[in-house]
Amino acid sequence: MTASLAPRIDTRALQQADAEHFLHPFTDFQSLAAKGSRIITRGDNIYVWDSEGHRILDGMSGLWCMNVGYGRGELADVAAKQMRELAFYNSFFQTATVPAIELGQLLTEVTPPQFKHVFFTCSGSEGNDTVLRMVRRYWDLMGQPRRKTFISRKNAYHGSTVAGASLGGMSYMHAQGDLPIPGIVHIEQPYYFEHGRGMSPDEFGLQAARWLEQKILEVGPDTVAAFIGEPIQGAGGVIIPPATYWPEVQRICDQYGILLVSDEVICGFGRTGNWFGCETMGFKPDLMTFAKGVTSGYIPLGGVMVGDRVAQVLIDKGGEFEHGFTYSGHPVACAVAIENIRILQREKLVERVAHETGPYLNRRFTELLDHPLVGVAESKGLMAGLILMKDKSAKELFDTKLEVGMVCRRHCFEGGVIMRAVGDRMIIAPPLVMTVAQIDEMIGLIRASLDRTLDELRQRGWL
Ligand code: PMP
């Protein structure tokens, strides 16, 4: 179907109704109302179309989730079939549904061997809330109730519920709603560009991990419950830690007996070239939060993989765990997740990211370093980030008030490719179905957008 055959949509009327009634997440309501939303009406493979018929290459997979690409009839079919058969039944009162049981089994096949149990939620935020409650329960059951504190990182993203936002390290989120809640502390992120000058990446990775040890000693080792981190920080700007970081974090957690939690909401289900980011970054978590890629965003589903160390204690000594959601293990979501995982397996998408598209994206993306605006460009699997710089030879950044990243983001959108701006870090995480030829197309669109950004910055006298 071409854009011209799409049903006519009254964009202005929709924008007006949107502005009048819909409070968007993470949005300045007033300024969006003045501008009007871009209304996305259709998706196919790695492309979306807006209500004016523009085709846009979705370099962000929706919101890091559309891993098997848009328009997969297989997923629509299993959802419809499950809805007709059994649209919902709960799992609170000693009942279960077939898709939830089968997905639990399948998840233990694709996750690392320490995981044989899953707790279902509807989102990544709820997954991290579950982690907080489950970990504290675990330490109570272990007879160490003083172990309450979670250590996380600044500029981490772990969701937007009270616990999720507190575990996250976004100061602008903490500033609203009196967060973080007590018992959550943050250390610096392993961001080489920001903190690593004068060190090799490997030296810096070790130093960044030791910030964890310092914090453990500062708050008291017998009060620390867990360390939580994204293998590669996503919303923080695709921050890829040096190879030495996670193994050293693991060593420190082991030394102090602290639980290690991997937030795999973005990195899970193939994004980094392994099924889970912890496998790529070389560590063995006790718990893993997941969401997004488990259903490729076709329907909300999240959860926590619970490793043997924790699961065994909850099962053997726990009694009733007073936690759960109406839609924990929703049969339609679980049926979609099963088919989504089967697609990843059938089409060997994880292997493709590891051996073909990931390395190819790395080569093409780092070529952007020859652009006058690009001072750093890096990637892992199918996630990548670059830094826009005022003077790349001196590694001089733009004044943050200029919001140069947003200028670039606008040029990308107008030029037909979606990149996200995190400050002046421009990031992508395209669908895992992306082909080598589509990577070429995406890089061409990004380069053209960078050129137009450069022109605008020159015209404005910002360079
Ligand atoms: N953890 C990470 C690493 C995430 O990236 C996100 C969402 N971007 C979340 C948790 C929260 O997930 P949700 O928005 O589904 O609650």
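Bear in mind that the values here come from a model prediction, so they are computed numbers and not experimental data. Indexing begins at 1, ligand by ligand and atom by atom, following the structure's order.
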- Message: So Glu194 and Ile239, do their side chains get closer than 4.5 Å, heavy atoms only?
- Response: no

- Task: Please tell me if the side chains of Arg271 and Leu432 come closer than 4.5 Å, counting only heavy atoms from C-beta onward.
- Result: yes

- Quick one: sort the His323 and Phe325 rings into parallel, tilted or perpendicular, breaks at 30° and 60°. perpendicular

- Message: Looking at Arg346 and Glu339, is any side-chain nitrogen of the basic one under 4.0 Å from a carboxylate oxygen of the acidic one?
- Response: yes

- Parallel, tilted or perpendicular: ring planes of Phe227 versus Trp246, cut at 30 and 60 degrees: tilted

- Could you pull out every protein residue that has a heavy atom closer than 4.0 Å to ligand 1, ordered by chain and then number? Ser123, Gly124, Ser125, Asn128, Tyr157, His158, Gly159, Glu230, Asp263, Val265, Ile266, Lys292

- Message: Restricting to ring pair (Phe, Tyr, Trp, His ring centres under 6.0 Å), what partner residues turn up for Phe88, sequence neighbours left out?
- Response: Tyr327, His330

